[in-house]
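Down below is the structure, laid out as structure tokens.
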Amino acid sequence: MTPLRDITHEELELPENDIARQVYGDLNRNLAAIERTVGVSIGVRGTSLTISGLAHEVSLARTLISQLAELARGGYPVFPQDIAYAVRTLERSPKADLKAIFLDEVYITAKKRVVSPKSLNQKAYIDNIRQHDIVFGIGPAGTGKTYLAVAMAVASLMTGKVRTIILTRPAVEAGEKLGFLPGDMAQKINPYLRPLYDALYDMLGRGKAQELIERGTIEIAPLAFMRGRTLSSAFVILDEAQNTTPEQMKMFLTRLGFNSQAVITGDITQVDLPDEQRSGLVHAQRVLEGIEGIAFSYFDDTDVVRHHLVQKIIQAYEAHGRKQRGRGPKARRPAVRPPQVQNH
């Protein structure tokens, strides 16, 4: 139990009833999320708040609430799930401006939901895509690599920046072989491409997405189908790139034509290739570093935007992996630890 003498109390006044209601959330759910996530206690009287807790927790909560008020004033609808993202951002960078991150509108989905970055790394990733022709997004599952790339692709298509979207993945997953799956080739391949369909349906609605796919404006295909092509005026996304070979990665990158850009996403800790086969994504990190026009964006567990337990699961597996690697040569595939976000 924390001694009472270590508890501090701080008053905070929100200037407008309207803003205060948005910050508090329905039935004060946002405040409850702040209490749970930061570890403070918050008393409410109108637009006045009393924040109680350890000094560093109170300081974090005050900064958070003040910035949430600015977000609300800027038209951002604050939800309880945003609290965890905001806290992780401010814990990592206390001077971070949440408005610059959360109000960076990437796309508005068919259900009128605004797609925007939720962390510093996601913001840097979006900026890299805007500024570079080839961008690598590398990090664990649930960090928004593919979803944000698809949102950027759809935005580029809708504004006329590109004429087509091409989404592709290598057909290698968790040791399974295509030949063991039922159906013809299209039916065998479809499960591997399902996450890309899901992201498109979320952005455009199922009907609109299917219409664009049928017209050929959006193409979803296995990586092998890219061979021999030149992809011009296209936004091309290679997903699950850790499961490419170096030869496949080179083949994909050299397909890029005029007025096109490519985003390559993957998790180098989840390679499903045979043990003797090198990952094309890991290889590309070493080969392409420093080339102007190519950027690498890196994510970690603090960027996870799925269920709150996903972050803990990733942390647990990373800790286990470090422990296993410390035992010597039996470790199967050591992870390549990326540097911080780089721009080239």
Side-chain angles (χ1 to χ4, degrees), residues 37 64 67-68 70-71 74 76-109 113-132 134-156 167 195-196 198-200 202-203 235 237-242 261-270 281 294-308 310-315 318 337-344:
T37 307
L64 172 63
Q67 292 216 37
L68 291 178
E70 289 301 309
L71 280 174
Y76 185 89
V78 182
F79 294 105
Q81 60 264 34
D82 293 319
I83 303 303
Y85 311 146
V87 169
R88 291 202 296 261
T89 296
L90 291 174
E91 283 179 333
R92 169 174 283 190
S93 300
K95 295 184 179 180
D97 182 2
L98 295 183
K99 282 178 65 177
I101 300 172
F102 284 53
L103 291 181
D104 185 352
E105 185 179 296
V106 176
Y107 188 72
I108 300 176
T109 70
R113 188 172 63 82
V114 176
V115 178
S116 62
K118 295 292 189 286
S119 70
L120 288 169
N121 286 337
Q122 287 190 358
K123 169 64 174 169
Y125 179 53
I126 292 299
D127 288 342
N128 272 338
I129 294 174
R130 288 174 176 144
Q131 297 163 11
H132 298 82
I134 297 177
V135 175
F136 288 81
I138 301 174
T143 49
K145 306 180 299 295
T146 302
Y147 192 82
L148 288 173
V150 172
M152 288 293 289
V154 172
S156 292
L167 309 176
L196 299 176
D198 290 343
L200 274 179
D202 197 29
M203 298 293 166
F235 195 116
I237 299 173
L238 170 58
D239 192 32
E240 296 290 336
Q242 75 275 7
Q261 68 179 121
V263 178
I264 300 95
T265 67
D267 178 359
I268 57 178
T269 69
Q270 295 193 40
L281 182 57
I294 298 178
F296 287 84
S297 286
Y298 293 98
F299 302 84
D300 56 36
D301 58 89
T302 62
D303 301 301
V304 171
V305 289
R306 291 181 181 169
H307 191 286
H308 68 92
V310 172
Q311 183 187 19
K312 296 179 181 178
I313 290 168
I314 292 170
Q315 290 171 340
E318 286 182 347
R337 285 306 301 164
Q340 293 301 306
V341 176
Q342 299 176 356
N343 293 315
H344 300 307

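Taking 4.5 Å as the limit, some side-chain heavy atom of Y76 sits within range of a side-chain heavy atom of D82. The side-chain heavy atoms of T265 and F299, taken from C-beta on, include no pair separated by under 4.5 Å. Looking only at side-chain heavy atoms (C-beta outward), L103 and V114 stay at 4.5 Å or farther from each other. Here the side chains of Y125 and V263 are in contact, with some heavy-atom distance below 4.5 Å. I134 is not listed as a side-chain neighbour of Q261, based on a closest heavy-atom distance of 4.5 Å or more. D97 is listed as a side-chain neighbour of Q67, based on a closest heavy-atom distance under 4.5 Å. Residues I268 and Y298 form no side-chain contact, since every pair of their non-hydrogen atoms from C-beta on lies 4.5 Å or further apart.
Contact record, T143 with D300: CG2-O, 3.4 Å, taken as the closest heavy-atom pair. M152 and V106 make their closest contact through SD-CG1, 3.5 Å (heavy atoms, listed as atom of the first residue, atom of the second, distance). Of all heavy-atom pairs spanning K118 and Y85, the tightest one is O-CB, 3.4 Å. Closest heavy-atom contact between S119 and T89: CA-OG1, 3.7 Å. Summarising the geometry of L64 relative to A86, their closest heavy-atom pair is CD1-CB, 3.5 Å, with the distance given to 0.1 Å. Nearest heavy atom pair, residue A141 against residue V304, reads O-CG2, 4.0 Å.
I129 contributes atom CD1, which lies 7.0 Å from atom OG of S297 (distance to the nearest 0.5 angstrom). From K145, atom NZ reaches atom CD of E240 across 7.5 Å, with rounding to the nearest 0.5 Å. Taking CG of D198 as the reference point, atom OH of Y147 lies at 10.5 Å (rounded to 0.5 Å). Between L238 atom CG and T146 atom OG1 the span is 9.5 Å, to the nearest 0.5 Å. Atom CZ of residue R92 and atom OG1 of residue T302 lie 3.5 Å apart, to the nearest 0.5 angstrom. The line from CG of N121 to CD1 of I101 is 9.5 Å long, rounded to the nearest 0.5 Å.
Screening V115, L148, V135 for a side chain to side chain contact (heavy atoms under 4.5 Å, CB included) involving I126 leaves a single residue, L148.
Salt-bridge check for D202 with R113: passed, with a basic side-chain N closer than 4.0 Å to an acidic carboxylate O.
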Inset, instruction - Begin from the C-alpha positions of V154 and T109 and carry the test side chain to side chain contact (heavy atoms under 4.5 Å, CB included) through to its verdict. - result: CA-CA 10 Å; V154 172; T109 70; over 6 Å; no
Inset, instruction - For side chain to side chain contact (heavy atoms under 4.5 Å, CB included), just list the numbers for L167 and D239, CA-CA rounded to whole Å, side-chain angles, deciding distance to a tenth of an Å, and then say yes or no. - result: CA-CA 8 Å; L167 309 176; D239 192 32; over 6 Å; no
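The backbone N or O of P140 sits nowhere less than 3.5 Å from a side-chain atom of Q270 that would complete a donor-acceptor pair. Panel note: side chain K123, backbone S116; no donor-acceptor pair is recorded below 3.5 Å. Distance alone, capped at 3.5 Å, is enough to place a donor-acceptor pair between the Q242 side chain and the D267 backbone.
Under the rule for a side chain to side chain donor-acceptor pair (under 3.5 Å), the partners of E70 that lie at least two apart in sequence or sit in another chain are R73. For the ring pair (Phe, Tyr, Trp, His ring centres under 6.0 Å) test, residues two or more places apart in sequence or in another chain that qualify with F136 are F296. Residues forming a ring pair (Phe, Tyr, Trp, His ring centres under 6.0 Å) with Y107 (at least two apart in sequence, or on another chain): none.
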